Amino acid sequence: MTESENAPVVRLAGVRKEYGGTVALAGIDLAVAAGEAVAVMGPSGSGKSTLLNMIAGLDRPTAGTVAVLGEELGALSETALARYRRRRVGMVFQFFHLLDDLPVLDNVALPAQLVGVNRRAARERAAGLLDELGVAGRARAYPSVLSGGERQRVGVARALMNRPALLLADEPTGALDSASGEQVTDLLLDLNQIGQTLLLVTHDRALAERVATRVITVTDGRITADRTAVAP
Amino acid sequence: MRAVWRAARAAVRRRRLQTLVIAVMVAVSAALLTLAAGLLAAATAPFDHAFDAARGAHLAVTYDARRAAPGAVAGTARAPGVTASAGPFATVRLDAVAGGLLVAGRTAGGGVDGLTLTEGRWADRPGEIVMAAGRADRPPPFTLATRDGRSVTVVGAARSVTRTADAWAAPGVLPSLGPATGAQMLYRLDRAATVAQVAAGRAAITRGLAVREDGSWLTVRADAVQGPRSVLPFLLLFGALGLVTAVLIIANVVSGAVVSGLRHIGVLKALGFTPAQVTAVYVTMAAVPAAAGCLAGVAAGNALAVVLLARVADGLDLPTVAGTGLALDALAAAAVLATVVVTALVPAARAGRLPAHRMIAARPPAPESRARRAQTWLSGRSLPRPVTLGLALPLARPGRTALTVAAVGFGVMAVTFAAGLNRSVGEMREVTDPAQVTVRAVPERPVPGFDARVRALLAGRPGTERLTAGTRTEVAVAGAGTAFELAAWQSPDLATEPVLRGRRPAGPGEAAVTDAFLTVHHHRVGDTLTLRAGDRTAEVRIVGALFATDTGRLWTSWETLAALDPAARPDTFLVRLAPGTAQTDYVDGFARALEAGAGLDADDYDLAVTMNGGHPDTALAVLFVTLALLISAACALGVLNTVVLTTRERGRDLGVLKALGMTPPQVVAMTVVSTAAIGAVGGLLGAPAGVALHRLALELTARSVDSALPGTMYGVYPAALLAALPAAGALIAALGALPPAVRAGRIRTAAVLRGE
Ligand SMILES: Nc1ncnc2c1ncn2[C@@H]1O[C@H](COP(=O)(O)OP(=O)(O)OP(=O)(O)O)[C@@H](O)[C@H]1O
Ligand SMILES: [Mg+2]
């Protein structure tokens, strides 16, 4: 894609992360350009989720710097990091992590309300997103009655609520059966094709091959392979 | 069983904070419970308990040492009807400036009328005495001047349940105090329930021996029951409130701990633990720290009770033995542990029966639909999202929320009650004792102008703000009884008790009675009474009912009293002190001035100076404040515990919210708001309940003293205070929630979300 020459959305330089004695990341340098769909693969425990969390500002590196859209995350306070998360990134989780006490529509509207959008506008946009993602019929239901595939589509809708520059997904199909997994995969592909920058962690080679424009392999906290996929 | 123990130990170790919270909470509650139980024990039939505990003397007789042969006196121990006796103890009359003292030669303890040293040490050197507890106005040691110019040192205070003497000293010390004039014998009788039985016993014992003075336990008992009667309902209700609060909080903490462990329970069951074993694991998990906390708490509660109850006993002349006693401590500990086990057992047993997969299947049980409806309703309000989320949180766990509301409610209730009681007791003392110093100066032989001279002397003392003189005389009331004390004051405003009905007697032929008199003798204001003193009678019309906690009193105008008793002269002077004047200094100064400059000979009059108020108020206030603080502390800790549990359970949701961009301050706000809401509800319920309890306490008091109470004792809650109390509930709850809320704001999102 042509955007790959533009200023990077994400730039990691020499990122290390240690938990006590465990080295989760052992020096990562990475740049992701706008419009890329990057799949992160690698064995269990290799540091993929840790890498994603660094970019999401959910955790801080032991050494090195993480910058997103030119903003240096290390310089931000906890509160500023929270604000960064709500405006810049959308997160999709393997286990959906929807709030059980809120109906689907309110779950999706929540991020907008956190940035101060009024309830009506937030719900309108949430309803629109649910419609686009094909789960408009479940807007009033509570998450516990939804199927896994439906929940993940709601999760994606929530992540898109604030039009994030960067969509992060940690094994988004990991908890889904293959049919639902496929639907979510298509969804992510569509999103990327309309320009959404995407970084997803996956064990699923099929998913990586269908969606990703670039596949990174992490082994023992290091990037051991980085190849741009052949366009389908 | 080994597996159960090991799993419980692992659970305890994994939840250090929660285990600590259980231990601390149970300790505070156990201390509260022990103190409350001690209070209840002290407040129910205090005299009879103390009398039994100290083996009080049914009859105390002081024989004339010069006329009764020592052998004969000692021989009375074998008189019929005597089951136990002590003595003879030599006695000395000490003429201290502020009044005469009967000093008996005894040591502490003793098989009959056991003496308990409450302050200082025993008097075992020449010139030393130990005073009866509550008689001295300051703590020992201090010196006391005698009329003959010597001085004795008061080195301690001791309590005698039957008040057989005013002071004591070791037998060897007695000769240094003066010549022995009496020999005291103390008796326990096999039949001493009625005045007639005690009189019969006395007749059988003293047969022919010269008696200087004697005393029956019934007199002391009537007297001892009289004073505390008006505060006992307060103590009883306060004790009960403490008990209920302690039990509630323990229930809340323990059941909360078990509920929050549900998922762990599921894993245990999957590993093959039987339901009974699972239940055992959880009961053990709660019981071990609870037992530790319980022991510490009971010990602390006992220590508090020893200090506080002794002070209250002193202040009220409650003849209790200090402390709570081992039996009561054991009972308190057993009650605490039983509460722990029962409240752990209920949810643990339910958990034991739940199918394992439902508990492993992640997340807490689905919230009630009510919670969801509230959530939906709240999300429609134009409040910031964290606030509406927070407000809906309590509804997800209605049971726990109800317990927390109750805990805060009881806390606010206790504070409200304590504040009201403190002010009411203050009012009661204020209204019954508008004067701080009472001087009773009775001439031993006619001294012309004696009262005028005392009056002039008092009027001239620095610190005298207002002064009135009056006297009392004994009269019979036709149809009601013989031993009424009729009082009259030259200017009644300073002296008399508050008016409950009608007005004070103002002119000749008018009288006021106590409210209890009206009740007991079926009279009404406006009725006429016939008073008789000797062979004179007077008809008086009841113009009002006054408040007094004892019943045998009447008031009339000075003219009417003078008509009944022409010899009556003012002999009692009430002094209201100028603000800032210390009672002790005033009394000392007056006694010296009377000695020195009034042209009066010390042998000519009998003088007694009493200081009113003081001691009891502070003792009660300290007790009320301590109890209220303990209860509120327990409540705040209970709230803290609830928030710890809630935020732990909601860890995943909090992580998600933070991942979505909720800032730490917003997380704190959400948590604090939810708790403050609980606190506000508790406060809204607790404050009126506290006012109602206060009212009940006053009603009980009124019934126990057979009299209405002055309105000033009821109206102790200013509107502003009442409005502030629910806010206090919210504030206490918010403070309790703050530490765990801040912790929740800091949780590591990544770590929480990984846990799934
Ligand atoms: N919060 C944490 N505390 C301690 N160790 C951690 C933490 N997070 C990650 N680790 C450790 O860091 C290493 C990398 O973990 P990470 O979750 O990033 O792996 P992963 O590649 O995502 O694995 P998986 O494919 O199983 O999800 C592992 O050894 C893990 O145990
Ligand atoms: Mg991972």
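So you know, we letter chains A, B, ... as the sequences are listed, proteins then strands, and number each from 1. Being a predicted model, the structure only gives us computed values, none of them experimental.
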Between [X] and [Y], do the side chains contain an N or O donor and an N or O acceptor separated by less than 3.5 Å?
X        : Y        : result
A:Asn53  : A:Thr50  : no
A:Asp59  : A:Tyr19  : yes
A:Gln183 : A:Arg153 : yes

For [X], is it the side chain, the backbone, both or neither that has a heavy atom under 4.5 Å from a heavy atom of chain B?
X        : result
A:Tyr84  : neither
A:Arg158 : side chain
A:Leu98  : backbone

Just one of A:Thr197, A:Leu198, A:Leu69 clears the side chain to side chain contact (heavy atoms under 4.5 Å, CB included) bar with A:Leu166, so which one?
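One option only clears the test, and that one is A:Thr197.
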Is a side-chain donor or acceptor of B:Gln666 paired with a backbone partner of B:Thr663 at a separation under 3.5 angstrom?
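Here the side-chain-to-backbone pair exists.
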Looking only at heavy atoms, which two atoms of A:Ala159 and A:Pro164 are closest? And how far apart?
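Taking every non-hydrogen atom into account, O-CG, 3.3 Å.
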Residue-level contacts of residues 74-82 of chain A with chain B, using a heavy-atom cutoff under 4.5 Å
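When heavy atoms of chain B are the reference, residues 74-82 of chain A contributes A:Glu78, A:Thr79, A:Ala82 within the under-4.5 Å range.
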Less than 4.0 angstrom from a charged side-chain N to a carboxylate O is my criterion; do A:Lys48 and A:Asp170 meet it?
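Between A:Asp170 and A:Lys48 there is no salt bridge, as every charged N stays at least 4.0 Å from the carboxylate O atoms.
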Quick check on the interface: out of A:Val89, A:Leu52, A:Leu58, A:Asn118, who has the most heavy-atom pairs with chain B under 4.5 Å?
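Ranked by heavy-atom pairs under 4.5 Å with chain B, first place is A:Leu58.
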What do the steps show when you test A:Asp106 against A:Arg123 for salt bridge (Lys or Arg N to Asp or Glu O under 4.0 Å), and what is the final call?
CA-CA 7 Å; A:Asp106 285 330; A:Arg123 288 185 135 197; 3.1 Å; yes
